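Please read these numbers as outputs of a predicted model, since none were measured by experiment. Side chains included, hydrogens not; waters and symmetry mates left out as well; all remaining heavy atoms used.
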Amino acid sequence: MYRLLATDIDDTLLAPDGSLPEANRAALRSLHQAGVGIVFCAGRADVSIRNIASSILALADDEYLVSFNGARIVTAATRRIVARDYVPPESVERIAGYVREHGLYLQGYVDDDFLVERETERTRPYAAATGTSYRVVPNLTDALPEGSPKLLIIGDHDELAGHRERMIEIAGSVEFMFSKPHYLEIVASGVNKGSALARLATELRIPLAEIVAVGDAPNDADMLRTAGMGVAVANARGEAKAAARVVLETEAKDGAMQEVVRRFFDL
């Protein structure tokens with residue numbers, strides 16, 4: 001019997017246009033009413049995840065959000081920090097310097113804002129899509145003295161893939177992953193949704209074998225491998241499908257969560 005559902009948000013719970021299909025909302029509500037715990041796991045900031053979660057459930061502090069690809073675990077209602085692991089300041093400095101040198105677009109994060117050194121055509125659309133606010137700062141390194149839960153570089157996928165290989169050599173103790181083809185995410189070494197889910201399972205005293213995890217992207221792969229039942233939605237990319245034990249017949253936009261509820265929770 002599965003006691004917990006861990007779900008990604010973008011292109012798993014939300015449709016590609018960012019809307020929440022009513023079928024997915026209803027499916028999660030039915031699980032919650034049946035006593036199944038729901039954990040929202042995303043690359044997004046926890047304030048952004050909370051905005052979506054609150055449109056589905058009445059949030060409480062016995063529910064949790066895994067944000068920034070696993071860099072933070074917070075309680076859903078008050079956002080009490082359960083665990084955090086940030087990109088260290090020295091890595092922020094090295095990456096920010098590389099980005100300036102190569103004319104790339106970089107975001108860091110503090111409190112409920114994302115920070116940029118220059119506003120571009122990507123800044124406001126990202127803020128609108130995630131429901132977050134931003135600040136332009138003279139220098140990211142100076143603005144993030146404690147580091148950042150993640151760094152995000154937005155650009156052309158093929159270009160970013162090449163830069164990733166070069167940054168690996170200079171960035172220090174960090175890891176790189178794509179959450180979307182044009183989003184290159186940078187987190188502290190060892191941080192991923194899978195390690196965060198394992199940590200939360202220990203906190204909640206729920207065996208991993210009793211957890212279903214659902215995702216669509218390469219940054220979901222560790223979570224899908226960690227859970228007792230890893231599930232990829234039909235629209236998932238190859239790395240997520242390869243990591244999953246089951247690939248659904250339904251895409252996110254068509255109510256994939258209904259299939260999850262039917263197949264794994266018998267509701």
Side-chain angles (χ1 to χ4, degrees), residues 10 41-48 66-74 81 83-127 129-130 132-196 199 217-223 239:
D10 292 288
C41 305
R44 293 172 178 245
D46 41 77
V47 64
S48 177
V66 174
S67 58
F68 298 111
N69 286 311
R72 280 167 59 106
I73 304 172
V74 302
I81 295 176
R84 53 168 275 180
D85 192 1
Y86 286 8
V87 176
E90 57 270 22
S91 293
V92 174
E93 182 174 16
R94 293 171 186 172
I95 292 166
Y98 181 95
V99 163
R100 289 188 209 104
E101 180 182 351
H102 292 86
L104 301 175
Y105 174 77
L106 177 68
Q107 297 180 177
Y109 298 79
V110 64
D111 299 325
D112 288 344
D113 296 335
F114 68 92
L115 309 181
V116 297
E117 292 184 349
R118 59 187 178 93
E119 186 175 345
T120 75
E121 72 280 358
R122 297 184 174 95
T123 310
R124 293 190 181 185
Y126 179 91
T130 58
T132 52
S133 56
Y134 67 91
R135 289 185 276 137
V136 180
V137 298
N139 184 286
L140 277 177
T141 305
D142 294 341
L144 297 167
E146 296 183 357
S148 180
K150 77 170 184 179
L151 300 171
L152 175 64
I153 304 175
I154 304 177
D156 174 76
H157 177 80
D158 291 338
E159 181 184 9
L160 292 182
H163 285 296
R164 176 181 63 177
E165 297 308 309
R166 294 193 288 274
M167 282 189 288
I168 286 173
E169 300 177 2
I170 59 98
S173 298
V174 298
E175 297 184 8
F176 296 83
M177 64 189 76
F178 282 99
S179 58
K180 291 178 177 286
H182 56 294
Y183 283 4
L184 179 57
E185 313 253 358
I186 304 162
V187 295
S189 181
V191 167
N192 58 65
K193 293 183 185 181
S195 59
R199 190 167 187 172
N219 66 322
D220 296 319
D222 288 300
M223 179 175 72
E239 191 171 337

A.B. asks: Kindly give the heavy-atom pair with the smallest separation between Asp85 and Ser189, and that separation in Å.
C.D. replies: OD2-O, 4.1 Å
A.B. asks: Can you confirm whether Glu146 is buried at CD, in the sense that more than 12 heavy atoms of other residues, nucleotides or ligands lie under 6.0 Å from that atom?
C.D. replies: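 Open.
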A.B. asks: With a 4.5 Å cut-off on side-chain heavy atoms, are Lys193 and Asn219 touching?
C.D. replies: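 Contact flag for Asn219/Lys193 side chains = yes.
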A.B. asks: Working to the nearest 0.5 angstrom, can you tell me the gap between Leu115 CG and Leu151 CG?
C.D. replies: 10.0 Å
A.B. asks: Of all heavy-atom pairs between Ser173 and Pro88, which one has the smallest distance, and what is that distance?
C.D. replies: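 Smallest interatomic distance, heavy atoms only, reads O-CD, 4.2 Å.
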A.B. asks: Residues two or more places apart in sequence or in another chain: which of them pass salt bridge (charged side-chain N to carboxylate O under 4.0 Å, His left out) with Arg135?
C.D. replies: Asp113
A.B. asks: Please check this pair: side chain of Thr130 against backbone of Ser48, looking for a donor-acceptor N/O pair closer than 3.5 Å.
C.D. replies: no
A.B. asks: Do Leu184 and Glu159 have side chains that approach each other closer than 4.5 Å (heavy atoms only, starting at C-beta)?
C.D. replies: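 No, every pair of side-chain atoms sits at 4.5 Å or beyond.
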A.B. asks: Please examine the side chains of Val137 and Asp142, heavy atoms only from C-beta on, and report whether any two atoms are closer than 4.5 Å.
C.D. replies: no
A.B. asks: So Tyr86 and Val191, side chain to side chain contact (heavy atoms under 4.5 Å, CB included) or not? Walk me through it.
C.D. replies: CA-CA 9 Å; Tyr86 286 8; Val191 167; over 6 Å; no
A.B. asks: Would you compute the distance between atom CG of Leu160 and atom CG of Leu104 and round it to the nearest 0.5 angstrom?
C.D. replies: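 Going from CG on Leu160 over to CG on Leu104, the span is 7.0 Å.
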A.B. asks: Of all the heavy-atom pairs spanning Ser179 and Ala217, show the shortest one and how long it is.
C.D. replies: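 Closest approach of Ser179 to Ala217, heavy atoms only: O-CB, 3.5 Å.
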A.B. asks: Identify the two heavy atoms, one from Ile73 and one from Ala196, that lie closest to each other, and give their separation to 0.1 Å.
C.D. replies: CD1-O, 3.5 Å
A.B. asks: Could I get the full list of salt bridge (charged side-chain N to carboxylate O under 4.0 Å, His left out) partners for Asp46, not counting sequence neighbours?
C.D. replies: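 Only Arg72, Arg79 meet the salt bridge (charged side-chain N to carboxylate O under 4.0 Å, His left out) criterion with Asp46.
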A.B. asks: Is there a side chain to side chain contact (heavy atoms under 4.5 Å, CB included) between Val187 and Asn192? Walk through the geometry before answering.
C.D. replies: CA-CA 8 Å; Val187 295; Asn192 58 65; over 6 Å; no
A.B. asks: CG/Asn69 to OH/Tyr183 distance, rounded to the nearest 0.5 angstrom?
C.D. replies: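 OH of Tyr183 is found 12.5 Å from CG of Asn69.
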A.B. asks: Measuring from Thr132:OG1 to Asp111:CG, what's the distance to the nearest 0.5 Å?
C.D. replies: 13.0 Å
A.B. asks: Taking the side chain as every heavy atom from C-beta outward, state whether Met167 and Ile153 have any pair of such atoms under 4.5 Å apart.
C.D. replies: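 Yes. Closest side-chain heavy atoms under 4.5 Å.
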A.B. asks: Where the side chain of Glu175 meets the backbone of Gly190, is there a donor-acceptor pair that is under 3.5 Å apart?
C.D. replies: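 Flag set: sc Glu175 to bb Gly190 pair under 3.5 Å.
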A.B. asks: For the residue pair His163 and Tyr98, categorise the inter-ring angle as parallel (less than 30°), tilted (30 to 60°) or perpendicular (more than 60°).
C.D. replies: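 Judged by the thresholds at 30° and 60°, the geometry between His163 and Tyr98 is perpendicular.
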A.B. asks: Apply side chain to side chain contact (heavy atoms under 4.5 Å, CB included) to the pair His182 and Ile154, showing each step before the final yes or no.
C.D. replies: CA-CA 6 Å; His182 56 294; Ile154 304 177; 4.1 Å; yes
A.B. asks: Please round to the nearest 0.5 Å and tell me the distance separating atom CG of Leu106 and atom CZ of Arg118.
C.D. replies: 9.5 Å
A.B. asks: Does the side chain of Glu239 reach to within under 4.5 Å of the side chain of Phe178, using non-hydrogen atoms?
C.D. replies: no
A.B. asks: Assess whether atom CZ of Arg199 is packed by more than 12 heavy atoms of other residues, nucleotides or ligands within 6.0 Å.
C.D. replies: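 Result for CZ/Arg199: open.
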A.B. asks: Taking all heavy atoms of Glu169 and all of Glu165, pick out the closest pair and write down the distance.
C.D. replies: CG-O, 4.0 Å
A.B. asks: Can you list the residues that meet the salt bridge (charged side-chain N to carboxylate O under 4.0 Å, His left out) rule with Glu119, with sequence neighbours excluded?
C.D. replies: Arg124
A.B. asks: Could you check Tyr126 against Tyr134 for ring pair (Phe, Tyr, Trp, His ring centres under 6.0 Å), going step by step and ending with a plain yes or no?
C.D. replies: CA-CA 10 Å; Tyr126 179 91; Tyr134 67 91; 9.5 Å; no
A.B. asks: Is the shortest heavy-atom distance from the side chain of Thr123 to the side chain of Phe114 under 4.5 Å?
C.D. replies: yes
A.B. asks: Atom CE in Met177, atom CD1 in Ile186: separation rounded to 0.5 Å?
C.D. replies: 10.0 Å
A.B. asks: Are the side chain of Lys150 and the backbone N or O of Ala71 linked by a donor-acceptor pair below 3.5 Å?
C.D. replies: no
A.B. asks: Is there a side chain to side chain contact (heavy atoms under 4.5 Å, CB included) between Asn139 and Arg100? Walk through the geometry before answering.
C.D. replies: CA-CA 10 Å; Asn139 184 286; Arg100 289 188 209 104; 3.3 Å; yes
A.B. asks: Work out which heavy atom in Ser91 is nearest to a heavy atom in Ala171; give both atom names and the distance.
C.D. replies: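 Answer, listing the atom of Ser91 first, then Ala171: OG-O, 2.7 Å.
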